[in-house]
Amino acid sequence: MLPLRTRFYDDVIATHVRDGPVRQVVLVAAGLDARAFRLSWPGDTTVFEIDQPELLADKDAALAQVRAQPACDRRVVGADLTGDWIGDLVSAGYTQQHPCLWIAEGLLSYLPGAAVAELLRTTARHSASGSRLATDFIGETFLSSPAMAAQRAAVAEINAPWLYGCDQPEQLFTSCGWLPERVLQPGEPGADFRPLPFPTVPRDVEAPGLPRLFFTIAVKP
Ligand SMILES: C[S@@+](CC[C@H](N)C(=O)[O-])C[C@H]1O[C@@H](n2cnc3c(N)ncnc32)[C@H](O)[C@@H]1O
């Protein structure tokens with residue numbers, strides 16, 4: 001799933017930044033994402049990385065050790081995404097006057113439901129028309145499926161429990177100010193970059209106990 005997910009976001013960036021007009025990218029919960037270094041960016045692109053301050057400090061120390069040079073204007077923003085972080089982003093140079101590509105990869109399952117909705121509303125409120133938000137969801141089915149019990153226990157054990165799942169991303173986007181553009185399950189066209197060891201079950205097929213997940217992109221009307 002992770003190679004698939006990585007490629008999905010790389011392609012979203014290629015479409016909207018490398019081959020498109022967007023020059024402002026926010027990696028929401030960037031973690032150790034190395035896209036600012038790994039990808040080719042148009043020369044005038046700014047990439048903001050938001051995450052916990054301690055994590056970003058460790059990341060920057062590791063990057064400095066190998067003298068890594070970003071291929072864009074990279075700006076780090078240490079902040080708590082369940083708090084009031086937008087001011088910190090604006091202070092770092094983010095502007096609502098230009099469209100933005102928000103990437104929230106591997107984040108939402110770790111936040112309480114109310115914080116997920118607030119994050120979506122905040123990004124929509126502070127986005128120019130035509131901005132996009134790409135993110136991924138585990139389904140509620142992930143939180144309840146017996147097949148995922150061992151993984152649920154493993155992430156809880158390392159103090160990063162899965163808190164939130166969503167099986168209807170379209171409804172969530174719409175209720176938070178975003179227009180859903182693509183909601184893909186792994187294995188469907190656009191998220192089928194390598195063969196999977198199991199078939200993709202269409203969404204309209206009821207499959208009790210099947211853990212679903214989604215790679216999504218939404219646009220600000
Ligand atoms: C699974 S990692 C994903 C990192 C990266 N986007 C990726 O896909 O490789 C989740 C990230 O969310 C960050 N995170 C979780 N809760 C956060 C919060 N309340 N504020 C800021 N960052 C948070 C963690 O520090 C971690 O880097």
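Read the numbers this way: they start at 1 and go in the same order the structure lists the ligands and their atoms. Every heavy atom of this structure was used, including side-chain atoms; hydrogens, water molecules and symmetry mates were not.
Between the choices L55, L27, D51, the shortest heavy-atom distance to atom 25 (O) of ligand 1 belongs to D51. Scanning E49, K59, R5 for the heavy atom closest to atom 8 (O) of ligand 1 points to R5. The closest non-hydrogen atom to atom 10 (C) of ligand 1, taken over A29, A160, G106, comes from G106.
A donor-acceptor distance shorter than 3.5 angstrom exists from the side chain of T216 to the backbone of T135, with no hydrogens or angles considered. Listed for the E181 side chain is no donor-acceptor partner under 3.5 Å among the backbone atoms of R132. Here the side chain of S145 pairs a donor or acceptor atom with the backbone of G209 at under 3.5 angstrom. Under a 3.5 Å cut-off, the side chain of T15 and the backbone N or O of D11 do form a donor-acceptor pair.
Regarding atom 19 (N) of ligand 1, its nearest protein heavy-atom neighbour is D80 OD1, 2.9 Å. Nearest protein neighbour of atom 5 (C) of ligand 1, counting heavy atoms only, is A30 O, 3.2 Å. Ranking protein heavy atoms by distance to atom 16 (N) of ligand 1, first place goes to L111 CD2, 4.1 Å. For atom 20 (N) of ligand 1, the nearest protein heavy atom (residue, atom name, distance) is L81 N, 2.8 Å.
Remark: ligand 1 atoms within the under-4.0 Å shell around heavy atoms of E105 are 3 (C), 5 (C), 6 (N), 8 (O). Within the listing of ligand 1, atoms 12 (O), 15 (C) sit less than 4.0 angstrom from a heavy atom of L107. In summary, the atoms of ligand 1 found under 4.0 Å from a heavy atom of A79, numbered by their order in the structure, are 20 (N), 21 (C).
For the residue pair D167 and T141, a side-chain donor N or O sits within less than 3.5 Å of a side-chain acceptor on the partner.
Salt bridge annotation for D33-K59: absent, with no cationic side-chain nitrogen under 4.0 angstrom from a carboxylate oxygen. Comment: E188 does not engage R182 in a salt bridge, judged by the lack of any side-chain N to carboxylate O separation of less than 4.0 angstrom.
Contacts between Y110 and ligand 1, counted as non-hydrogen atom pairs separated by less than 4.0 Å, involve the side chain only. Under 4.0 angstrom from ligand 1, there are no non-hydrogen atoms of A104.
With respect to D10, the salt bridge (charged side-chain N to carboxylate O under 4.0 Å, His left out) criterion is satisfied by exactly one of R18, R5, R35: R35.
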